[in-house]
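This report refers to the structure that appears directly beneath it.
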Amino acid sequence: LQVDHEDIAENVWHNPDEIPANGIDDDGNGYIDDTHGWSFMQGNGQVSDLHGHGTHVAGTIAAVGNNGIGIIGIAPKTHVLPIQGLDQNGSGSHAQLIESIYYAVQMGADVINMSWGGYHYSRAIKQAVDYAYDSGVVLIAAAGNDATNASYHYPSGYENVISVGAIN
């Protein structure tokens, strides 16, 4: 997520217990300098959006309204917690995605958007999804917008996940 984007910067989550760039885990959550979120790809708090997708989704959801610039999001007073579980090419590990879900819950997320997925069931990711759901989090996942006839796509195919897709 481009945390300084003029239309969403005001709504980017800020960790109130973390002092920026001091090299210390001030809040004791196991993540050093996670001021605006965490990149499980880089292992640090640098959540820069290298692909643009996270910034696009965050703007659709939480773009500030009535500021004379850009758009207004569907929930313009919502705070967005940037978490990077995959790189700009969509590559990463199940472990990074699982850690991303647990981190979001730990930091108090009410909704988790999972703009990723595939056709292989993962028991470990399912357990992380169930943990988040049992913690009161709403989970939303991409349906797999590649026009295949596959029976299931995950995490959108797990119970307790709202599956979304796009059509033309």
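We number each residue from 1, following the sequence as shown.
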Report whether [X] and [Y] are members of the same hydrophobic cluster (ILVMFWY, side-chain heavy atoms less than 4.5 Å apart, transitive linking).
X	Y	value
Trp38	Tyr102	no
Val47	Trp13	no
Ile19	Ile32	no
Ile71	Val57	no
Ile98	Trp116	yes

Considering only heavy atoms from C-beta outward, does the side chain of [X] approach that of [Y] to under 4.5 Å?
X	Y	result
Ile8	Glu10	no
Ile72	Val64	no
His5	Val12	no
Met114	Ile101	yes
Leu86	Gln96	no

Run the side-chain contact (heavy atoms from CB on, under 4.5 Å) test on Glu18 and Asp25 for me, step by step, so that the C-alpha distance in whole Å, both residues' side-chain angles and the decisive distance to 0.1 Å come before the verdict.
CA-CA 7 Å; Glu18 194 71 46; Asp25 180 13; 3.8 Å; yes

Scan the side chains in residues 75-84 for donor-acceptor partners under 3.5 Å anywhere in the protein, sequence neighbours excluded, and list what turns up.
{"residue": "Thr78", "atom": "OG1", "partner": "Ala75", "partner atom": "O", "Å": "3.0"}
{"residue": "Gln84", "atom": "OE1", "partner": "Ser39", "partner atom": "OG", "Å": "2.6"}
{"residue": "Gln84", "atom": "OE1", "partner": "Gln42", "partner atom": "NE2", "Å": "3.4"}
{"residue": "Gln84", "atom": "NE2", "partner": "Ser48", "partner atom": "O", "Å": "2.6"}

Check whether [X] reaches the backbone of [Y] with its side chain - one donor and one acceptor, N or O, closer than 3.5 Å.
X	Y	result
Asp34	Gly37	no
Asp33	Pro20	no
Thr55	Leu1	no
Thr60	His56	yes
Ser156	Ala141	no

Answer yes or no: are there more than 12 heavy-atom neighbours, outside Gln106 itself, under 6.0 Å from its atom CD?
yes

Evaluate whether atom NE2 of His14 has more than 12 neighbouring non-hydrogen atoms of other residues, nucleotides or ligands under 6.0 angstrom away.
yes

Ser115-His53 side chain donor-acceptor pair, cut-off 3.5 Å
yes

Side chains of Asn44 and Tyr31: any donor to acceptor distance under 3.5 Å?
no

Residue list, side chain to side chain contact (heavy atoms under 4.5 Å, CB included) with [X], at least two apart or on another chain:
X	value
Ile69	Glu6, Asp7, Asn67
Tyr133	Leu139, Asn160
Tyr158	Tyr121, Ser122, Ile125, Lys126, Val129, Tyr154, Pro155, Val161
Asp17	Asn15, Asp27

Measure up the Tyr119 and His153 rings against each other and bin them: parallel (under 30°), tilted (30 to 60°), perpendicular (over 60°).
perpendicular

Residue pairs passing the salt bridge (Lys or Arg N to Asp or Glu O under 4.0 Å) test where at least one lies in residues 105-123, sequence neighbours excluded:
none

Passes side-chain contact (heavy atoms from CB on, under 4.5 Å), Val111 versus Ile140? Steps please.
CA-CA 8 Å; Val111 177; Ile140 302 169; 3.8 Å; yes

I need the Asn89 CG to Asp87 CG distance, nearest 0.5 Å.
5.0 Å

